[in-house]
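See structure below.
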Amino acid sequence: MSKNHNWKLFTLIATGAAALAIAIGIGRFSYTPILPYMLEELNLSKTNGGLIASWNFFGYLCGSLLSILSFFKKKIKFVFFISVLMSILTTLLMSFYNVVIDFIAIRFVAGLSSAFVLIFGTALILPSIQEVGKKSLSTSHFMGVGFGIVISSILVSILGNYGFNGSELWIGVASLGRILAIPVVVFIQ
């Protein structure tokens, strides 16, 4: 395999993994380690904490269903890119609000975005990896989910030990998402 093919393969895997790390690993799962801070600092009930999470799941369900519409399929790269940006934005927005209804709306949009990133990112990345001739690596971008969970959990743990509050933790994981977006921006251009 030529250096050009190796670079293209690396770029594709990095793009897919980074996008899934942002949208699912961080966008979805960073809620779990940050939730105890939110419960304590905002005096949220456990029921409200679960309700907020449920709306993220509902957003994911709606995004999965909406992805079948031809409108989205015609603009797949654009929808993928905007969804990655929305994942970062909704993660950041969690730091600016403290009312349950606001959290519900934000987490719903985050769920929509994560579904779009998973579905459209896979639709873009998987065939491109196969075209390079490495079918055995075609699903390697899914490692981004686990990577995003691990790296955001470590970040929350470290920042939490240094006394950062819940809002600051959301800013921290959103900043991590911005860094991880670099390969996505490169891929889109």
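- Gly163 and Glu168 get closest at one heavy-atom pair: O-OE1, 4.4 Å.
- His141 and Thr122 form a side-chain donor-acceptor contact under 3.5 Å, judged by distance and modelled atom types alone.
- Between Phe116 and Phe120, the ring planes are tilted. Angles from 30° to 60° get that label.
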* Asked: Given the rule in the side chain to side chain contact (heavy atoms under 4.5 Å, CB included) test, do Val156 and Tyr37 qualify, once you have shown the distances and angles that lead to the verdict?
  -> CA-CA 10 Å; Val156 168; Tyr37 294 90; 4.2 Å; yes

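- By the 6.0 Å contact criterion, NZ on Lys77 is enclosed, its count of non-hydrogen atoms from other residues, nucleotides or ligands being greater than 12.
- Arg28 contributes atom CZ, which lies 6.5 Å from atom CZ of Arg107 (distance to the nearest 0.5 angstrom).
- Note: Leu42 CG to Asn48 CG = 10.5 Å, rounded to the nearest 0.5 Å.
- Around the CZ atom of Phe72, the shell of radius 6.0 Å holds more than 12 heavy atoms that belong to other residues, nucleotides or ligands.
- One hydrophobic cluster holds both Phe96 and Ile34 under the rule that ILVMFWY side chains link at heavy-atom gaps under 4.5 Å.
- Clustering of Ile, Leu, Val, Met, Phe, Trp and Tyr side chains at separations under 4.5 Å places Val99 together with Ile101.
- Ring orientation note: the planes of Phe58 and Phe108 are tilted relative to one another, at an angle of 30° to 60°.
- Side-chain contact check for Leu112 versus Tyr60: every heavy-atom pair is 4.5 Å or farther apart.
- Inter-residue side-chain proximity for Ile22 and Val117 is flagged as unmet; no heavy-atom pair is nearer than 4.5 Å.
- Side chains of Trp55 and Ile106 form no contact here, defined as non-hydrogen atoms less than 4.5 Å apart.
- Follow the hydrophobic side-chain contacts under 4.5 Å out from Ile171 and you reach Leu159 in the same cluster.
- Of the inter-residue distances, the one linking Ser83 atom OG with Ile76 atom CD1 reads 10.5 Å to the nearest 0.5 angstrom.
- Within the model, atoms CE of Met94 and CE of Met38 stand 4.0 Å from one another, a figure rounded to the nearest 0.5 Å.
- Tested against Tyr31, the residues Ile26, Ile52, Val173, Asn56 include a single side-chain contact (heavy atoms from CB on, under 4.5 Å) partner, Ile52.
- Summarising the geometry of Pro33 relative to Pro36, their closest heavy-atom pair is O-CD, 3.4 Å, with the distance given to 0.1 Å.
- Atom CD1 of Ile125 is separated from atom CG of Leu20 by 8.5 Å, given to the nearest 0.5 angstrom.
- Taking OG of Ser175 as the start and CG of Leu180 as the end, the distance is 11.0 Å to the nearest 0.5 Å.
- For the pair Leu93/Tyr97, a side-chain contact is recorded, criterion being any heavy-atom separation below 4.5 Å from C-beta on.
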* **CA sep, side-chain torsions, deciding dist, call: Leu85, Leu89, side chain to side chain contact (heavy atoms under 4.5 Å, CB included)** => CA-CA 6 Å; Leu85 294 180; Leu89 179 61; over 6 Å; no

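- Across every non-hydrogen atom of Ser87 and Thr90, the tightest pair is O-OG1, 3.2 Å.
- Transitive grouping of hydrophobic side chains (ILVMFWY, heavy atoms separated by less than 4.5 Å) keeps Val186 and Leu124 in distinct clusters.
- Within 6.0 Å of CD on Glu40 lie no more than 12 heavy atoms contributed by other residues, nucleotides or ligands.
- Across all their heavy atoms, Leu176 and Ile151 have their closest contact at CD2-CG2, 3.6 Å.
- In this structure, the side chains of Leu118 and Ser114 stay at 4.5 Å or more apart for every pair of heavy atoms.
- Looking at heavy atoms from C-beta onward, Trp170 lies out of side-chain contact with Leu92 at the 4.5 angstrom threshold.
- Side-chain contact between Thr11 and Thr15 is present, with at least one heavy-atom pair separated by less than 4.5 Å.
- Leu126 and Val79 fall into different hydrophobic clusters, where Ile, Leu, Val, Met, Phe, Trp and Tyr residues are linked whenever their side-chain heavy atoms come under 4.5 Å apart, directly or through other members.
- Across all their heavy atoms, Gly160 and Leu169 have their closest contact at N-CD2, 3.9 Å.
- At least one side-chain heavy atom of Ile104 sits less than 4.5 Å from a side-chain heavy atom of Leu51.
- With Ser157 contributing its side chain and Ile154 its backbone, the two residues share no donor-acceptor pair below 3.5 Å.
- Minimum interatomic distance between Thr91 and Gly27 (heavy atoms only, all atoms of both residues): OG1-CA, 3.7 Å.
- The hydrophobic clustering, which links ILVMFWY residues whose side-chain heavy atoms are closer than 4.5 Å, places Leu65 and Met86 together.
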